[in-house]
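Below you'll find the structure, written out as structure tokens, and then a few comments.
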Amino acid sequence: GQQVMQIPQYQHVQEGEDFTTYCNSSTTLSNIQWYKQRPGGHPVFLIQLVKSGEVKKQKRLTFQFGEAKKNSSLHITATQTTDVGTYFCAGPTSGTYKYIFGTGTRLKVLA
Amino acid sequence: NAGVTQTPKFQVLKTGQSMTLQCAQDMNHEYMSWYRQDPGMGLRLIHYSVGAGITDQGEVPNGYNVSRSTTEDFPLRLLSAAPSQTSVYFCASKTGTHQGTGELFFGEGSRLTVL
């Protein structure tokens, strides 16, 4: 079945450093979504990418969808303590309503 | 708007007991789903529904039943709880106008422990 892997599993950074998480799917995705989950909280939608090679920015966050639509990345510039949490990518299996989530990357920001 | 509401927030069961996790949404979303979250394994899809009377299995459906009698409600039933079902359960919904697209709205989660 379809698998979505994320690396790294954990990342500790000093406040002000950059952070990147990578998402890789075993199959081509029609679109990819990113979610953030604060400790003890629930996942919250960040963004959806649809087009091959698409790049979107939200303030310090930059999202990219690979040319082959099988991978994606999330880059945070100059991390802040408010960026702490787990970041998940998610993609639909082709032609279905099933959203498959990646394993997540847990980010810890040290002040 | 309340969004997606899950009850209970915490539950402790003994092996073999049954229970129902409730999920209700007030956004008139066609699509509703249940996920379980375990450490290091991300969110895994249990069951989902694309409208009243329609349900389908996700990645890990064994041991769980669902039904969708109304647009608003999507309960998850554990018929005979097992320790392997100890997890945090999330209900999520979205508008169902297009397959595989659109923001998922999550409930706050239900933490279940099976002894």
Side-chain angles (χ1 to χ4, degrees), chain A residues 1-11 21-51 54 56 58 63 65 69 85-106, chain B residues 2-6 9-10 21 23 25 27 29-51 54-61 66 68 74 87-111:
Chain A
Q2 179 183 2
Q3 290 186 329
V4 181
M5 303 298 294
Q6 281 184 254
I7 55 171
Q9 189 174 3
Y10 301 97
Q11 185 81 57
T21 174
Y22 300 91
C23 176
N24 294 288
S25 170
S26 58
T27 60
T28 301
L29 301 169
S30 59
N31 65 79
I32 196 157
Q33 298 179 348
W34 284 91
Y35 291 80
K36 176 183 178 181
Q37 183 179 24
R38 294 184 185 275
H42 59 278
V44 175
F45 176 82
L46 293 176
I47 206 161
Q48 177 173 287
L49 305 172
V50 178
K51 299 178 182 177
E54 187 172 12
K56 286 189 176 180
Q58 288 180 350
F63 304 84
F65 200 9
K69 301 184 79 172
T86 301
Y87 293 85
F88 292 99
C89 61
T93 54
S94 178
T96 77
Y97 284 92
K98 294 183 183 181
Y99 281 77
I100 305 300
F101 277 74
T103 46
T105 295
R106 183 182 294 179
Chain B
V4 179
T5 303
Q6 289 183 234
K9 287 186 168 48
F10 301 94
L21 298 177
C23 176
Q25 53 90 11
M27 297 174 282
H29 285 170
E30 298 172 21
Y31 178 89
M32 296 185 74
S33 57
W34 278 101
Y35 289 86
R36 61 176 289 173
Q37 184 172 31
D38 303 294
M41 301 192 73
L43 293 150
R44 292 184 292 170
L45 181 64
I46 305 172
H47 285 287
Y48 67 98
S49 168
V50 297
I54 306 170
T55 64
D56 205 348
Q57 296 181 349
E59 303 170 86
V60 289
V66 291
R68 185 91 179 271
F74 190 44
S87 187
V88 180
Y89 291 85
F90 288 99
C91 179
S93 72
K94 76 173 191 73
T95 56
T97 53
H98 298 286
Q99 281 185 341
T101 187
E103 173 183 354
L104 280 169
F105 292 82
F106 282 82
E108 294 186 350
S110 298
R111 184 177 295 273

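First the proteins, then the strands, lettered A, B, ... as listed; each starts at 1.
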Measure up the A:Trp34 and A:Phe63 rings against each other and bin them: parallel (under 30°), tilted (30 to 60°), perpendicular (over 60°). tilted
With a 4.5 angstrom heavy-atom cut-off, is it the side chain or the backbone of B:Leu45 that approaches chain A, or both, or neither? side chain
Counting N and O atoms only, with roles assigned by atom type, does the side chain of A:Thr103 sit under 3.5 Å from a partner on the main chain of A:Met5, one being a donor and the other an acceptor? no
Going by salt bridge (Lys or Arg N to Asp or Glu O under 4.0 Å), name the pairs with one or both residues in residues 37-49 of chain B, residues two or more places apart or in two chains. B:Arg36-B:Asp38, B:Asp38-B:Arg44
Between A:Tyr35 and chain B, which part of the residue has a heavy atom less than 4.5 Å away: side chain, backbone, both or neither? side chain
So which part of B:Gln6 gets closer than 4.5 Å to some heavy atom of chain A, the side chain, the backbone, both or neither? neither
Name the option with the most non-hydrogen atom pairs under 4.5 Å to chain B; the candidates are A:Gln37, A:Gln9, A:Arg106, A:His42. A:His42
Considering only heavy atoms, which portion of B:Glu103 lies under 4.5 Å from any heavy atom of chain A: side chain, backbone, both, or neither? both
For the residue pair B:Lys94 and B:Tyr31, would you count it as a cation-pi contact if the rule is NZ or CZ under 6.0 angstrom from the ring centre and within 45 degrees of the ring axis? yes
Measure the spacing between NZ of A:Lys56 and CG of A:Leu46 and express it to the nearest 0.5 Å. 12.0 Å
Of the backbone (N, CA, C, O) and the side chain (C-beta and beyond), which part of B:Tyr35 lies under 4.5 Å from a heavy atom of chain A, both, or neither? side chain
